[in-house]
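The structure appears below as structure tokens.
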Amino acid sequence: MQRSVLISGASRGLGLATARELAERGYTVFAGVRKAGILREEPGLAEVLLDVTSQSSVERAVELARREADGIDILINNAGLHAFGALETASERRFRELLEVNLLGAWRLSRAVLPCMRGRGSGHILMVSSLSGLVGLPADGQYAASKFALEGMSESLALEVQRFGVRVTLLDAGPYDTDMLRRNKSTLRMAASSRDSEAYEPLHRALAEHGKAGEPPGNAARIIASAVDNPPDPLRIPVGPVAEQVFASLDIDCGERAKQVAIDASRIRWWMRGEGPQ
């Protein structure tokens, strides 16, 4: 039976590359975009209007995919925004926008698909996170805040829904050469004109001039598609060689150690076993 995937942020970059890869592997792919007609020339992709900051848009997109495919088997929360610049120079409006998309957008979509997944007794929710959800880099604090929060939310979600046969996977991606990365190099240069920026100008300039290009997004798309094909046991997996190096250098917990601490602290082994309160 052909399985269905709903992926947000699929108009370009990693989202589009992942949608293409999954379509080639035979999945029914509902590709979330914010503007109609973007994927007109993309065979195998069913374009779905989806703004993750809008609850009504999320509900419409999920209902369309559920109706067309008789359910949603896999959700990939990929939609994301980035902002460069020292935290003192950050715009509150932009900071809130990042949290709306990167954190609350993933929560809205996950919440919307869970009733269907619980009803089926199966499902897989994948969160496209980042090494910035594990390490806070200078001039990256806004993005790091959203991704650290996504990591913690996903740890909690995984414990809550395992009982219902639903898996959660965190995809901690290293740097990839996407439109977002190229646009963010420009926004980093614009930080020089932001509030109280003079003190941080040397840092902003150095990061703008010496930023490294990432790997082709198709490489990450293949790793993500493999995680869809064969859901990994660990909650958290590295995506790409840089991520693998960071995991090894910092001895990153792939989820099991934190899971056991959380279960012991909250005394919910009965929940994880599918039993009633003890």
Side-chain angles (χ1 to χ4, degrees), residues 1 3-8 27 52 55 58-59 61-63 65-66 69-79 99 102-131 133-135 144-173 223-224 226-239 243 247-248 250-278:
M1 181 178 177
R3 293 194 294 166
S4 60
V5 179
L6 174 61
I7 177 170
S8 63
Y27 290 88
V52 299
Q55 184 62 38
V58 165
E59 291 173 357
V62 168
E63 174 57 23
R66 186 198 63 77
D70 193 28
I72 298 171
D73 298 301
I74 299 118
L75 169 67
I76 303 177
N77 282 304
N78 170 74
L99 294 173
N102 298 358
L103 176 64
L104 295 178
W107 166 70
R108 289 186 188 98
L109 266 176
S110 299
R111 183 176 63 165
V113 303
L114 274 170
C116 174
M117 290 183 175
R118 282 193 294 104
R120 287 183 158 194
S122 66
H124 191 186
I125 298 174
L126 298 96
M127 308 286 196
V128 178
S129 187
S130 166
L131 294 182
L134 305 174
V135 180
S146 69
K147 292 301 185 180
F148 266 81
L150 180 67
E151 297 269 332
M153 183 180 77
S154 300
E155 288 190 358
S156 294
L157 181 64
L159 293 172
E160 293 166 1
V161 302
Q162 179 179 319
R163 177 187 182 111
F164 307 114
V166 179
R167 288 176 175 268
V168 176
T169 300
L170 271 165
L171 303 158
D172 288 305
I223 296 172
I224 295 171
S226 294
V228 172
D229 284 341
N230 299 292
D233 289 329
L235 167 71
R236 182 178 286 110
I237 64 170
V239 179
F247 269 53
L250 298 181
D251 188 25
I252 295 296
D253 176 24
C254 288
E256 194 57 33
R257 297 200 302 267
K259 176 181 178 180
Q260 294 308 314
V261 169
I263 290 173
D264 291 341
S266 55
R267 300 179 180 178
I268 59 162
R269 290 192 184 280
W270 59 271
W271 177 265
M272 306 303 291
R273 292 194 296 260
E275 301 172 354
Q278 296 176 346

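Side-chain atoms of Asn102 do not come within 3.5 Å of backbone N or O of Ser146 as any donor-acceptor pair. Ser122 places no side-chain N or O within 3.5 Å of a backbone atom of Asp73 that could act as its donor or acceptor partner. Looking at Ser129, its side chain never comes within 3.5 Å of a backbone N or O of Glu151 through a donor-acceptor pair. Here the side chain of Arg163 pairs a donor or acceptor atom with the backbone of Glu275 at under 3.5 angstrom. No side-chain donor-acceptor contact under 3.5 Å links Arg66 to the backbone of Val113. For the pair Asp172 (side chain) and Leu131 (backbone), a donor-acceptor distance under 3.5 Å is absent.
Between atom CG of residue Leu126 and atom CD1 of residue Ile237 there is a gap of 7.5 Å, rounded to the nearest 0.5 Å. Distance check, rounded to the nearest 0.5 Å: CZ of Arg167 to CG of Leu157 gives 14.0 Å. Put simply, CD1 on Ile7 and CG on Leu75 are 9.0 Å apart, with the number rounded to the nearest 0.5 Å. Between the CG atom of Leu235 and the CG atom of Leu171 there is a distance of 9.5 Å, given to the nearest 0.5 Å. The distance from the CZ atom of Arg3 to the CD1 atom of Ile72 is 14.0 Å, given to the nearest 0.5 Å. Asn77 contributes atom CG, which lies 5.0 Å from atom CG of Leu109 (distance to the nearest 0.5 angstrom).
Shown here for His124 and Ala227, the closest heavy-atom pair between the two residues is CE1-O, 3.4 Å. Closest non-hydrogen pair, Ile263 versus Arg269, comes out as CG2-CG, 3.3 Å. In terms of heavy-atom proximity, Arg118 sits nearest to Val166 at N-CG2, 4.5 Å. Heavy-atom minimum distance, Met127 versus Ser110: CE-OG, 3.5 Å. Of all non-hydrogen atoms in Ser8 and Ala79, the two that sit nearest each other are OG-N, 2.9 Å. In plain terms, the two heavy atoms of Pro277 and Trp270 that are nearest each other are N-CE3, 3.4 Å.
When side chains are defined from C-beta on, Leu114 does not count as touching Glu160, because their heavy atoms never get closer than 4.5 Å. Between Trp107 and Val58 the shortest side-chain heavy-atom distance does not fall below 4.5 Å. Met117 places a side-chain heavy atom less than 4.5 Å from the side chain of Ile125. Counting heavy atoms from C-beta outward, Lys259 and Leu159 have side chains that approach closer than 4.5 Å. Proximity of Ile76 to Val228: side-chain heavy atoms (C-beta onward) are separated by under 4.5 Å at one or more points. Considering only heavy atoms from C-beta on, Ser154 comes within 4.5 Å of Leu150 through its side chain.
Looking at residues two or more places apart in sequence or on another chain, you find a side chain to side chain contact (heavy atoms under 4.5 Å, CB included) between Phe148 and Ala144. Trp271 meets the ring pair (Phe, Tyr, Trp, His ring centres under 6.0 Å) test with Phe164; sequence neighbours excluded.
No more than 12 heavy atoms of other residues, nucleotides or ligands shown are found within 6.0 angstrom of CZ on Arg267.
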Verdict with reasoning, Glu155 to Arg236, per side chain to side chain contact (heavy atoms under 4.5 Å, CB included): CA-CA 9 Å; Glu155 288 190 358; Arg236 182 178 286 110; 2.9 Å; yes
